[in-house]
Amino acid sequence: MASENSPAPESRPPPPVDPDQSCGLCGKMEKLLLCGRCKMSFYCSKEHQKQDWKKHKQVCKEAASRQGRATDEGTHNTSANCNHQLPRRPLTRDPVNGQQPEKNQETQGTAGHLLTGAGIRSWSHWGPHGLSGGSQKLVLEYIVPCMNKHGICVVDNFLGEETGDSVLREVRELHRRGRFTDGQVVNQKGDSSRDIRGDQITWIDGKEPGCTQIGILMSNMDDLIRHCNGKLGNYNINGRTKAMVACYPGNGTGYVRHVDNPNGDGRCVTCIYYLNKNWDAQVNGGLLRIFPEDKSQFADIEPKFDRLLFFWSDRRNPHEVQSAFATRYAITVWYFDADERTRAKDKYSTGEKGVKVELNKPSKHNLKEV
């Protein structure tokens, strides 16, 4: 039963809802509830409507008044009446990965929208022997413009099937040998890490026995960043972390919404390589959902095999890993801005192992220039 001081429940079906609406408090755009009083505002939960009531109440009262549903001036929403659940926003199917694009210049980087409503497209690289013209072409024609415009960039078929399979075999072997430990939260206070993140991780520099292919992957990432350097915002990238190899074990684990670098620890670019064959997010879950700052829409990234993802590491890109129901592998490297890293060294301990990367020299494993 609704509280005496709550807006009256609405017995009629809710009006059609624009799928681009979002929670008035947190900006979430999924499983929204419609305010039963003003029929204008949306919330992801009753709790968020309550928290937003001080800000929302005047707008709500005016809207209700215009609709002939005004209540007493002293009304206060102590039992939020968001009773209309909106349809779940459907996952956007990615034509780049749903089927092979035509192998010609016209399809590169224009195969279709990858991210929900964000206008960001995926470049299909076709591996080290592909049609992209090598790492420099990939950087200049796609990665740099995409990052500077959107702050998020996706490259598919990065290493190619054969090399990607080799990396996956090494990661599975690390997992089989028990090299993974529970992920920890940096500067954690209060909650258990397992309540925040459910992955298991290990740190790899690519020189360990049995990690040669992971080392090749990291070298190819470094080559892209080397070509990007001086062109990505105002950053001067001169180093990176070791690779964090992560596994979500497929029992509904995920990682709550967070920012990689909220406090200026030096990390400027997050680079993630995915290793999950035949992944179907509608069945397996495990989406990476990014909430770009100052944008009304989020970006959903499926963790598909041989996919490389870049995004800014700071507060511009809060993100979460949604619950995964199949084993989900990923390899993450963070690149450092030289000035910010120098300022941060004495103030912060990030937990990642920073290593020097020679970004002014081509890697011996660099992607073949075609």
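The shortest side-chain heavy-atom distance between D339 and T342 does not fall under the 4.5 Å cut-off. Using a 4.5 Å cut-off on side-chain heavy atoms (C-beta onward), V321 and Y248 make contact. Looking at heavy atoms from C-beta onward, N236 lies out of side-chain contact with E340 at the 4.5 angstrom threshold. Contact check for K304 versus Y274: no side-chain heavy atoms found under the 4.5 Å cut-off. Looking at heavy atoms from C-beta onward, D306 lies out of side-chain contact with D156 at the 4.5 angstrom threshold. Inter-residue side-chain proximity for F158 and R307 is flagged as unmet; no heavy-atom pair is nearer than 4.5 Å. Looking only at side-chain heavy atoms (C-beta outward), F298 and I290 stay at 4.5 Å or farther from each other. Counting only heavy atoms from C-beta outward, the side chains of E320 and V256 never approach each other to under 4.5 Å.
Classification of the Y329-H175 ring pair by plane angle, with boundaries at 30° and 60°, yields perpendicular.
Using modelled atom types and a 3.5 Å distance limit, the side chains of T270 and W334 yield a donor-acceptor pair.
The hydrophobic cluster containing M147 does not contain V259, counting ILVMFWY residues as joined when their side-chain heavy atoms lie under 4.5 angstrom apart, directly or transitively.
Residues passing the ring pair (Phe, Tyr, Trp, His ring centres under 6.0 Å) test with F311 are H319, sequence neighbours excluded. For R169, there are no salt bridge (charged side-chain N to carboxylate O under 4.0 Å, His left out) partners, not counting sequence neighbours. Scanning for side-chain contact (heavy atoms from CB on, under 4.5 Å) contacts around D52 gives L25, Y43, K55, H56, with sequence neighbours left out.
Salt-bridge formation is detected for the pair D165/K277: a Lys NZ or Arg NE/NH1/NH2 atom is positioned less than 4.0 Å from an Asp or Glu carboxylate oxygen.
With ring centers used as reference points, W312 lies under 6.0 Å from Y235.
R267 forms no cation-pi arrangement with F336, by the criterion of a distance under 6.0 Å to the ring centre and an angle within 45° of the ring axis.
By the 6.0 Å contact criterion, NZ on K149 is open, its count of non-hydrogen atoms from other residues, nucleotides or ligands being 12 or less.
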